[in-house]
Amino acid sequence: MAEETTAEGDESTTNATGKPSSPVVGFFYQQKIIGFVFSPIPSNFHRRERVGTPKSYTNAASSTNPWNTQLRDLAKQGHYHQALHLYRSLLRSGSSPPTAFTFPFALKSCAALYLPLSGQQLHSHVVKTGCQSDPFVLTALISMYCKCRSVENARKLFDESPLSRTLTVCYNALIAGYTYNSGFLDAITLFCRMREVGLWVNDVTMLGLVPGCTGPMHMCFGMSVHGFIVKYGLDTDLAVANCLLTMYVRCGSIELARNLFDDMPEKGMITWNAMISGYAQNGFATQVLELYHEMESLGICPDPVALVGVLSSCANLGARKVGLKVEQQTESSRFGFNVFLKNALINMNARCGNLARARSIFDEMPEKTLVSWTAIIGGYGMHGQGEIAVELFDKMIKTGIKPDGAVFVSILSACSHAGLTGKGLGYFTLMERNYGLQAGLEHYSCMVDLLGRAGRLAEAHGLIESMPVEPDGVVWGALLGACKIHGNIELAELAFNRVIAFEPWNIGFYVLMSNMYTEAKDTEGVRRVRVMMRERKLKKDPGCSYVEYKGRTHLFMVGDRSHPQTEEMYRMLDRLEGLVKELDGYEKTDPERRNEELVNGVGVHSERLAISFGLLNTGLGMEILVIKNLRICGDCHLFIKLVSKVVDRRFVVRDATRFHHFKDGACSCNDFW
DNA sequence: TTAGGGTTAG
């Protein structure tokens, strides 16, 4: 049961300022705030409160002083280094001492550049010049301390200054500061106090408070804040709406974020970006591409932030054509030097099969970040070129870049896929010993995969048993996969039982186990797995594949004979199947020839239908069939389905369960994927 | 007309 607590006084009472107090009722459960009900705000509620400026400050000499105006302009344009340089010159010149007009801009520059020592020095200058009672200076000081991760100093200043307790802006700065420093409960408490003393909250208060909702457990609170904001019209502020949208994404409710997005009468670039990034981070790649196309059709030019989200989704979908278009868009725009965009381009090219292009982008980058290295190392790993990945990793360390957990996942996975067992084990040890990085589940699953692929199944099992964290389905799944490769039924049974405890709905594991029993001619085993599947009402999904056509990705399923062109299609498919068998034969007798043919592309054609395809080595122990050209007169829908039937039997087609069903009556496609 | 806030990569 949730206990209801009145956080602050009764509405009928008045406080020291003479204004009626505004109680906030919080619902607490197990000492955690789970919801809020806000009391009504008086009708004379103001969205923004103007602060009276002290007379001493408004003298013309202060605001028209050329030093001050120049400093203001530099800080406003984001030239913080130059602004601080100018401030120091002003001190050295001795011609005019800094005034209350000078400090906010200098403090803002320190905060933006994270210069806590300079900020403290500025604080002492403020005290020396007697400007600490200026509201703007005081707020800027509080904000500076918060941004410099010294929220205790900000609080001390706030508590020691009677002025701060009467100013909405000071509360706003400190609330935002608490949120920024992960002190969400402190932020809420201060918000309650602010209302208790009768101060008006405004949209900026909300901008400081809402980003504190960072996970599903804050969802309830976030929604009550949303209700409050709507009630008092704060949602008309674009920034507040953007903030709420991001809050929903972070709390895991992408649907509510989309509802808000659709309801917003006006959308800014940040609105589009927040929605696109929200979709991209949650794996809704198709929706990202849809929004991107919508932006284009509305004539809105996406900025680098949107393009990063689009590229990341192209990488996930393997949507090479859209990715290429974005790349060209980037080259012809002024965003060419954006590091985020370059990193996303490396990732997109690597994952869409163009490793050479990924490498040239990487090589041309004048400044490479840890993410740039991770992307290119991951790219080589993905394509089975572990040696180059290792070479790059070592080079990265030599350049003085400190690795993090993510780059270790890339290199361990690269070692695993290239069979570089010793190297991988070395890096795993190095990770903790030299860099103090604790191995997480992802690292352990790479290591189990690495040992398992090398046939060291007992060691892989031992590693799982020694893990300091509870192994998850991915870790046990890696062991199960390795048992399949090496035909170890006994250990496979153990891994299978563990993995289905984590993912009982994952049909793949049952199929894998059943196939192992079939290979071992253990009919009883096969029967047991089938019974389990039946009991759990699990049915094998029909095989499916997907294509990118006209910039959209479509899913298609197998099996259908209703089409008028069926006969012709099946003749083609027979020939296609013959070709695949022929290639199979080469695999044993002349593997080089097989690879050569596949890399160059092979195909069959008739008068109305044509298909050619090649292979892409993913380095993940599987090959992806790339349909290079498909020329069809008439409706190709069924033909694609049928091709996929042949294809699925021979090749692993990338997981396509997340994408839309095939709808287009496409008649000519080039360069599938 | 100076303070407080929202969106990006592996």
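Throughout, protein chains are lettered first and strands after them, A, B, ... in sequence-line order, and every chain is numbered starting at 1. Keep in mind that what you see is a predicted model, and the values were worked out from it rather than measured.
One can place CG of A:Leu345 at 14 Å from P of B:dA9, the figure rounded to the nearest angstrom.
Between A:Met431 and A:Ile411 there is no side-chain heavy-atom pair separated by less than 4.5 Å. Counting only heavy atoms from C-beta outward, the side chains of A:Glu327 and A:Arg357 approach each other to under 4.5 Å. For the pair A:Cys146 and A:Asn181, the minimum side-chain heavy-atom distance is below 4.5 Å.
In this structure, A:Gln281 does not reach the B:dT7 phosphate: none of its side-chain N or O atoms is under 4.0 Å from OP1 or OP2. A sub-4.0 Å separation between OP1 or OP2 of B:dG4 and a side-chain N or O of A:Thr168 is absent. Dashed line: the shortest gap from a side-chain N or O of A:Lys267 to OP1 or OP2 of B:dG6 is not under 4.0 Å. For B:dG10, one of the phosphate oxygens OP1 or OP2 lies less than 4.0 angstrom from a side-chain nitrogen or oxygen of A:Asn347. Between A:Ser410 and B:dG10 there is no side-chain N or O to OP1 or OP2 distance below 4.0 Å.
Closest approach to the A:Leu207 side chain among B:dG10, B:dG6, B:dA9 is made by B:dG6 (side chain taken as heavy atoms from C-beta onward). Closest to the A:Asp404 side chain, of the nucleotides B:dG10, B:dA3, B:dT8, is B:dG10. Checking B:dG10, B:dG4, B:dG6 against the side-chain heavy atoms of A:Ala406 singles out B:dG10 as nearest.
Near DNA chain B, defined here as any heavy-atom distance below 4.0 Å, the residues from residues 245-252 of chain A are A:Thr246, A:Arg250, listed numerically. Residues from residues 257-265 of chain A with heavy atoms under 4.0 angstrom of DNA chain B: there are none.
Note: A:Tyr435 and A:Phe408 have tilted aromatic rings, judged against thresholds of 30 and 60 degrees for the angle between ring planes.
In summary, the side chains of A:Thr189 and A:Asp186 do not present any donor paired with an acceptor at a separation below 3.5 Å, with no hydrogens or angles considered. Side-chain N/O atoms of A:Tyr380 and A:Arg359 include a donor and acceptor closer than 3.5 Å. For the residue pair A:Asp394 / A:Tyr427, a side-chain donor-acceptor distance below 3.5 Å is found, with atom types taken as modelled.
Taking a centre distance below 5.5 Å and an interplanar angle below 30 degrees as the stacking criterion, A:Phe340 stacks against the six-membered base ring of B:dA9.
Ion pair A:Arg258/A:Glu290 not flagged as a salt bridge, since none of the NZ, NE, NH1 or NH2 atoms sits closer than 4.0 Å to an Asp/Glu carboxylate oxygen.
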- [ ] Please report the C-alpha distance between A:Phe362 and A:Trp373 in whole Å, then the side-chain angles of each, then the deciding distance to 0.1 Å, and finally whether the ring pair (Phe, Tyr, Trp, His ring centres under 6.0 Å) criterion is met.
- [x] CA-CA 8 Å; A:Phe362 175 81; A:Trp373 289 94; 4.9 Å; yes
